[in-house]
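To start, the structure itself, in structure tokens.
Convention: sequence-line order gives letters A, B, ...; per-chain numbering from 1. FYI, side chains are in, hydrogens and waters are out, and symmetry mates aren't considered; it's all heavy atoms of this structure.
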Protein chains: 2
Amino acid sequence: MEKYRKSESALSALSALAQEHRLAVFRLLVQAGPEGLAAGDIAEKLDLPASSLSFHLSHLKQGGIVGVERQGRSIIYRADFAAMNELMAYLLENCCAGSDRPSPALSEFESKGEAA
Amino acid sequence: MEKYRKSESALSALSALAQEHRLAVFRLLVQAGPEGLAAGDIAEKLDLPASSLSFHLSHLKQGGIVGVERQGRSIIYRADFAAMNELMAYLLENCCAGSDRPSPALSEFESKGEAA
DNA sequence: TCAATATTTCGATAATACTGGAAATATGGA
DNA sequence: TCCATATTTCCAGTATTATCGAAATATTGA
């Protein structure tokens with residue numbers, strides 16, 4: 001258990017995604033799957049200057065939703081699916097709740113989780 | 001059908017949520033449920049100056065994830081659960097994909113949807 | 001060791017976002 | 001109509017984020 005699911009990490013993941021180029025990069029990485037993509041490939045596909053892309057990649061890394069690994073001369077980025085799932089779980093618990101939800105029951109649960 | 005689910009709207013919903021105070025406001029509105037909350041109540045609960053809160057509320061409104069309605073002297077804000085569900089659907093389709101996903105099949109589907 | 005490749009870091013600039021007091025707007029009640 | 005309440009809009013100041021060329025750093029292969 002002990003899923004962290006704190007607002008703090010959700011927030012940094014959200015800010016990582018909340019930018020045109022970064023959302024595009026992340027979607028590309030999701031499509032690429034576990035193999036990931038080299039920074040250069042991303043730059044080419046999205047037609048972004050290397051230094052700008054690097055700025056955004058480091059933001060995605062900070063947000064905890066991509067992983068990095070050097071592979072020879074290239075640096076491979078991959079989507080962190082586990083982190084993305086945690087973000088989804090956070091949003092589901094804290095930001096969703098159909099009109100058919102069991103009143104404030106769920107919110108009490110979440111505020112308890114948040115306290116720690 | 002014709003779910004919009006475009007990157008553009010996902011992006012504005014994401015930027016709406018990707019800010020400490022706005023995420024807090026939205027969570028509060030989710031807890032409040034369909035009844036919503038008056039701006040003043042939100043300001044009090046989160047201890048935010050009225051003008052700052054108003055700035056953030058308009059951002060949430062722009063992002064399409066809250067609804068507004070005047071009720072006497074107060075202005076009631078409520079979480080737009082349908083919009084939130086659309087965001088979740090977008091993220092699920094475009095930003096998730098377990099390692100057990102059917103290769104690039106899903107991504108082809110989504111790029112077709114995006115074209116329009 | 002040297003040159004070529006891949007990427008990041010630096011630094012300067014521009015653009016955007018956030019903050020909060022004060023003034024403006026809308027509403028309801030006396 | 002006049003006053004109190006609720007909220008927004010305006011505005012200026014501050015802070016954060018984005019952009020991208022140039023220089024710096026790694027890595028590989030000759």
A/Gly72 or A/Pro49: which one's nearest nucleotide on DNA chain D is closer to the 5' end?
A/Pro49
Who are the side-chain contact (heavy atoms from CB on, under 4.5 Å) partners of A/Lys61, not counting sequence neighbours?
A/Ser58, A/Val66, A/Val68, A/Tyr77
Applying side-chain contact (heavy atoms from CB on, under 4.5 Å) to B/Glu35 and not counting sequence neighbours gives none
Any luck finding a side-chain donor-acceptor pair between B/Ser7 and B/Tyr90 under 3.5 Å?
yes
Any side-chain N or O of A/Arg73 below 4.0 angstrom from OP1/OP2 of D/dG29?
no
Give a yes/no on whether any side-chain N or O of A/Tyr77 is located under 4.0 angstrom from OP1 or OP2 of C/dA6.
no
What is the distance, rounded to the nearest whole Å, between atom [atom1] of [X] and atom [atom2] of [N]?
| X | N | atom1 | atom2 | result |
| --- | --- | --- | --- | --- |
| B/Leu11 | D/dA18 | CG | P | 11 Å |
| A/Gln71 | D/dT27 | CD | C1' | 13 Å |
| B/Glu20 | C/dA17 | CD | P | 18 Å |
| B/Leu46 | C/dT19 | CG | C1' | 16 Å |
| B/Gln19 | D/dA15 | CD | P | 16 Å |
| A/Ile75 | C/dT5 | CD1 | C1' | 12 Å |
| A/Glu69 | C/dA6 | CD | C1' | 15 Å |
| B/Leu23 | C/dC18 | CG | C1' | 16 Å |

B/Leu48 or A/Arg70, whichever maps to the more 5' nucleotide of DNA chain C:
A/Arg70
Might you point out which heavy atoms bring B/Gln19 and A/Leu11 nearest each other, and give the distance in Å?
N-CD1, 3.6 Å
Identify the heavy atoms of B/Met88 and A/Cys96 that sit nearest to each other, and give their distance.
CG-SG, 3.8 Å
Side-chain contact check for A/Arg22: nearest option of D/dA18, C/dC18, D/dT7 is D/dA18
How far does CD1 of A/Ile65 sit from CZ of A/Arg78, to the nearest 0.5 angstrom?
15.5 Å
For the OG atom of B/Ser74 and the CG atom of B/Asp41, what is their distance to the nearest 0.5 Å?
7.0 Å
Within residues 50-62 of chain A, residues whose heavy atoms come under 4.0 Å of DNA chain D:
A/Ser51, A/Ser52, A/Phe55, A/His56, A/His59
Across the strands shown, which category fits B/Ala43 at heavy-atom distances under 4.0 angstrom: base, sugar-phosphate, nothing?
nothing
